[in-house]
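Remarks on the structure that follows.
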Amino acid sequence: MIQKRKLVMLDSRTKAVYHMPTTENDMPSASIPLALQSLFYKLQYSDSSVATKELTKSFGWDTYDSFMQHDVQELNRVLCEKLEDKMKGTVVEGTIQQLFEGHHMNYIECINVDYKSTRKESFYDLQLDVKGCCDVYASFDKYVEVERLEGDNKYHAEQYGLQDAKKGVLFTDFPPVLQLQLKRFEYDFMRDTMVKINDRYEFPLQLDLDRENGKYLSPDADRSVRNLYTLHSVLVHSGGVHGGHYYAFIRPTLSAQWYKFDDERVTKEDMKRALEEQYGGEEELPPTNPGFNNTPFKFTKYSNAYMLVYIRESDKDKIICNVDEKDIAEHLKERLKKEQEEKEHKKKEKAEAHLYTIIKVARDEDLAKQIGKDIYFDLVDHDKVSSFRIQKQMPFHLFKEEVAKEFGVSVQFQRFWLWAKRQNHTYRPNRPLTLLEENQSVNNVGQLREASNKVHNAELKLFLEVELGPDLCPKAPPYKTKEDILLFFKLYDPEKEELRYVGRLFVKTNGKPTEILTKLNEMAGYAPDEEIELYEEIKFEPSVMCEPIDKKSTFRASQLEDGDIICFQKSPLVETDEQFRCTDVPTFLEYVHNRQVVHFRSLENPKEDDFCLELSKLHTYDDVVERVAQHIGLDDPSKIRMTSHNCYSQQPKPQPIKYRGVDHLSDMLVHYNQISDILYYEVLDIPLPELQGLKTLKVAFHHANRDEVVIHTIRLPKQSTVADVINDLKTKVELSHPNAELRLLEVFYHKIYKIFPPSEKIENINDQYWTLRAEEIPEEEKNLGPNDRLIHVYHFTKETAQNQMQIQNFGEPFFFVIHEGETLAEIKTRIQKKLQVPDEEFSKWKFAFLSLGRPEYLQDSDIVSSRFQRRDVYGAWEQYLGLEHSDSAPKRAYTTNQNRHTFEKPVKIYN
């Protein structure tokens, strides 16, 4: 919202957006230009705050995208790119470039030879360093700072080879609107996390980029353009790296008056609030006891400027221009006028809601339209029938006149029935309204409904009974006695697996179904003497109940009453039974009730549907895998392994479904109290029952002589030992010599925690959370002398945070043999040879003895073995020789953190 308010104040961009071609048939939610036009118009003429839902929908964002915190500078840049693309081929093509595009020149110039390489690049905004800079000018100084390429970092000039050179950036031209992003967020390599820089950073009201004889400009820059800028707006970020809030200070006409835009609140502010209070840094609280010499309390300000927008003085008249009615397309004004009228109408409806009720009227036409398509059970979905908004005090006979106008059925031919919710959770017409009730107000009918259904809401649901004569014209409804029952009829066709509504009939309670068989055949379009079977649809939750009706018993004996549903079909022929999947009504309704469309995804590509299958919730485990195998053309269904879906993470569950580990498909789809429609599958190289009897381990093999690591999958019976793993691995890897011995290690967070004994059973070894590493045992370790020690050696970096030193391990840990009386200098020589590290890099390493995370730095003359006196210390990994790396290259402290920023998705606009 704030960003859009900031954009709207640049009137030249607003005018350009208004001039982008849109039509009255466009929808704002699918057209970025129209959504922006609508937003700008409402901001310009509305007296209240404006929502940005239409705009974010036009980006192709869903609710998740809209509520995710986005970087405002990234959003601004992506939006500009989208607008630039949408403006191509229109009268406003090139407007974005004209307003925001500047150019700088990257150069490398050799010092000792006549060679210079340049490359011109464009920019829409500039990212300025905050850390180590006191103000905007210091950041620009740093931006154009010259870097010397010399020593090991010499520049390779094409025909001159390696040369000492100067490298830097100078500006060719600045844009009329200069957008500066202050780099308040940066990645801290030592802490392996993003941090916010809250340092004090000043920015001027007027910015002179021609200062000191144009020190920021390249030699070929146009010096006739005066690059003097005036501050137009300040975008502030309040909060930290993981969340916060944006608001802006803007002076729309560059006058002395500033305004603060904070979501829907706009307030007048003075210059100090807009500038000085947004510099960041620390703030002092006034002393609580002024008479005492108290140390002032300082605290860091977490609200500070994040983006600055400057406008060039010479261009301000054409940028801060008037946008009036003639700039706005007529269809846009007409559309927004209608929107405003609808808004007012809805507002009025809401205010008068207590005076009205909604009456939903279901008819035979609705039943015929819905049954067998939208619904199969009960009679109608009331959300899809005609509704009337009626004043509660309106006499019911006037409502009937409204119905007559809507449906073309005269008042005297209408009879209304109240619906009732039964104890078995079905919803059926219960009884017709009496003449007395129809002479009352609508509100009283509603009270009757509430009393009978015990449902207190503003809706009244009615069934409209209209009887048709032989000429299909409406006629007066028949007189109904207590002996008359209104029944509804559905017809089932097993060949087409089709259920449809065919009508309703009044029957006598003491009558028998045999008396209406001819009529039912007529309704179905069958021969008068066709043999048919009748079933009563009783309920469908939690399970289907549909029972045969004895055609020779009376309706009373069958306990049929008003609103009951009878399903009928042709009597099945014995010889054709096997042709149809659902031979009778109960079977079909059972099938429909349990029908489930499942979206299957390959476990290797869990984001995309592979195929869909229509299954039954009652299908067994074997049924499901058989259908999947059949679909993908696999002969052996037992090689299919299924994994359930986690509804919260939208990912596969970590553990697959065991062979016949669930009874039914419904068990596969449940996740806590939610039901999913997604399953993941994979095709195994051996049958799943056989695989479940095996233990699978992923082992990383480190080659003795080459710097390579290969991951091997070892699959053995669960009762196997580590020795079996090593023997199996020997058949798959290349050893340095035929008699080489292997060992298996447990590595976690770059430390060795365990050497597995060969006799240990593999069933309880877990390779999901730590790494299993296999390596050859060096010859020197096999021949340890009585005073030799096998020690742990780990790589580490050190950082100081909040006055506390922290050790971060990284890289591959290893074992190393040290001899009694051996100095660090001698050990260093052997370690360098083992790791094959170049002298220059190795010279930067520091060596320390670490115990429980505390380093004790060693000198070349120190006897290292004296530090490792105690044998068999529990947790030997906490005593180790540490190799400290002090370079600034990024080191990932923990491999498990490599996805630490997966929630920080890039800003994308899809449309």
Side-chain angles (χ1 to χ4, degrees), residues 699-710 726 729-730 733-756 771-785 787-798 807-850 855-868 876-887 889 891-892 895:
V699 179
F701 177 70
H702 290 238
H703 198 278
N705 300 327
R706 294 197 297 271
D707 186 19
E708 69 176 30
V709 178
V710 180
I726 290 172
L729 193 61
K730 281 182 177 180
V733 301
E734 181 185 344
L735 302 175
S736 61
H737 60 90
N739 297 321
E741 294 181 37
L742 298 183
R743 65 184 170 201
L744 190 65
L745 311 176
E746 177 185 287
V747 179
F748 189 55
Y749 278 47
H750 313 284
K751 293 180 179 180
I752 299 171
Y753 280 79
K754 182 177 182 178
I755 302 176
F756 288 98
T771 303
L772 298 180
R773 185 170 102 191
E775 63 185 17
E776 291 186 19
I777 303 174
E779 289 300 320
E780 65 171 354
E781 291 187 27
K782 299 178 187 175
N783 305 306
L784 286 179
N787 296 313
D788 291 342
R789 295 298 307 270
L790 186 65
I791 65 168
H792 296 244
V793 184
Y794 303 155
H795 301 272
F796 75 94
T797 58
K798 185 179 68 176
I807 299 297
Q808 300 276 23
N809 294 103
F810 71 94
E812 294 294 348
F814 59 94
F815 288 119
F816 195 74
V817 176
I818 60 171
H819 309 298
E820 186 176 19
E822 193 173 20
T823 64
L824 177 65
E826 294 169 320
I827 288 174
K828 285 168 68 174
T829 301
R830 292 199 295 123
I831 286 179
Q832 184 177 4
K833 182 180 178 181
K834 177 181 176 70
L835 299 181
Q836 299 178 350
V837 181
D839 291 344
E840 184 180 351
E841 183 183 345
F842 193 74
S843 65
K844 298 175 185 177
W845 293 6
K846 294 179 184 178
F847 284 69
F849 168 74
L850 286 95
E856 178 187 338
Y857 289 92
L858 304 174
Q859 303 301 317
D860 284 354
S861 58
D862 288 343
I863 304 298
V864 177
S865 58
S866 64
R867 301 298 197 282
F868 294 90
W877 56 86
E878 293 300 351
Q879 285 194 349
Y880 62 89
L881 181 64
L883 313 182
E884 182 184 355
H885 298 245
S886 57
D887 60 6
K891 302 291 192 305
R892 288 287 168 80
T895 55

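Contact detail for Pro813 and Val747: the closest heavy-atom pair is CG-CG1, 4.0 Å. Considering all non-hydrogen atoms of both residues, Ser843 and Glu840 come closest at OG-O, 2.7 Å. Nearest heavy atoms, Val817 versus His819: CG1-CE1, 3.8 Å. Counting all heavy atoms, side chain and backbone alike, Gly821 lies closest to Ile863 at O-CD1, 3.3 Å.
Here the straight-line distance linking atom CD1 of Ile755 with atom CD of Glu746 works out to 11.5 Å at 0.5 Å rounding. Atom CG of Leu824 is separated from atom CD1 of Ile831 by 8.0 Å, given to the nearest 0.5 angstrom. Taking CD1 from Ile827 and OG from Ser865, the interatomic distance works out to 7.5 Å, rounded to the nearest 0.5 Å. Here the OG1 atom belonging to Thr829 is positioned 7.5 Å from the CZ atom belonging to Phe842, to the nearest 0.5 angstrom. Note that the CZ atom of Phe814 and the OH atom of Tyr794 stand 10.5 Å from one another [nearest 0.5 Å]. The distance from atom CG of Leu858 to atom NZ of Lys828, rounded to the nearest 0.5 Å, is 9.5 Å.
Ring planes of His703 and Phe701: perpendicular class, angle over 60° (limits at 30 and 60°). Ring planes of Phe847 and Trp845: tilted class, angle from 30 to 60°.
Taking the six-membered ring for Trp, Phe796 and His885 have ring centres at least 6.0 Å apart.
A distance-only check finds a donor-acceptor pair linking the side chain of Glu776 to the backbone of Ser736 [under 3.5 Å]. A donor-acceptor pair under 3.5 Å links the side-chain atoms of Glu826 to the main chain of Thr823, judged by distance alone.
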Run the numbers on Phe816 and Leu881 for side chain to side chain contact (heavy atoms under 4.5 Å, CB included), then give the verdict. CA-CA 9 Å; Phe816 195 74; Leu881 181 64; 5.7 Å; no

Go through the steps for Tyr880 and Tyr753 under the test ring-ring contact (aromatic ring centres under 6.0 Å, His included), then give the verdict. CA-CA 12 Å; Tyr880 62 89; Tyr753 280 79; over 10 Å; no

Does the side chain to side chain contact (heavy atoms under 4.5 Å, CB included) test come out yes or no for Ile752 and Arg773, once each step is laid out? CA-CA 9 Å; Ile752 299 171; Arg773 185 170 102 191; 4.0 Å; yes

Using the salt bridge (charged side-chain N to carboxylate O under 4.0 Å, His left out) rule, take Glu780 and Arg830 through it: C-alpha gap first, then chi angles, then the decisive distance, then the call. CA-CA 12 Å; Glu780 65 171 354; Arg830 292 199 295 123; 3.4 Å; yes

Between Ile807 and Glu884, is a side chain to side chain contact (heavy atoms under 4.5 Å, CB included) present by the stated rule, with each step listed? CA-CA 9 Å; Ile807 299 297; Glu884 182 184 355; over 6 Å; no

Are Phe756 and Arg743 close enough, and set up right, to give a side chain to side chain contact (heavy atoms under 4.5 Å, CB included), and what steps lead you there? CA-CA 7 Å; Phe756 288 98; Arg743 65 184 170 201; over 6 Å; no

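Taking 4.5 Å as the limit, some side-chain heavy atom of Leu835 sits within range of a side-chain heavy atom of Leu883. With contacts defined as side-chain heavy-atom distances shorter than 4.5 Å, the pair Leu735/Leu742 qualifies. Two residues are said to be in side-chain contact when any heavy atoms from C-beta on lie closer than 4.5 Å; Glu775 and Glu812 fail this criterion. Two residues are said to be in side-chain contact when any heavy atoms from C-beta on lie closer than 4.5 Å; Arg867 and Ile791 fail this criterion. Residues Leu744 and Val699 have side chains in contact (heavy-atom distance under 4.5 Å, counting atoms from C-beta outward).
Inspection of the His795 and His750 side chains reveals no N or O donor paired with an N or O acceptor under 3.5 Å.
Within 6.0 Å of NZ in Lys782 there are more than 12 heavy atoms belonging to other residues, nucleotides or ligands.
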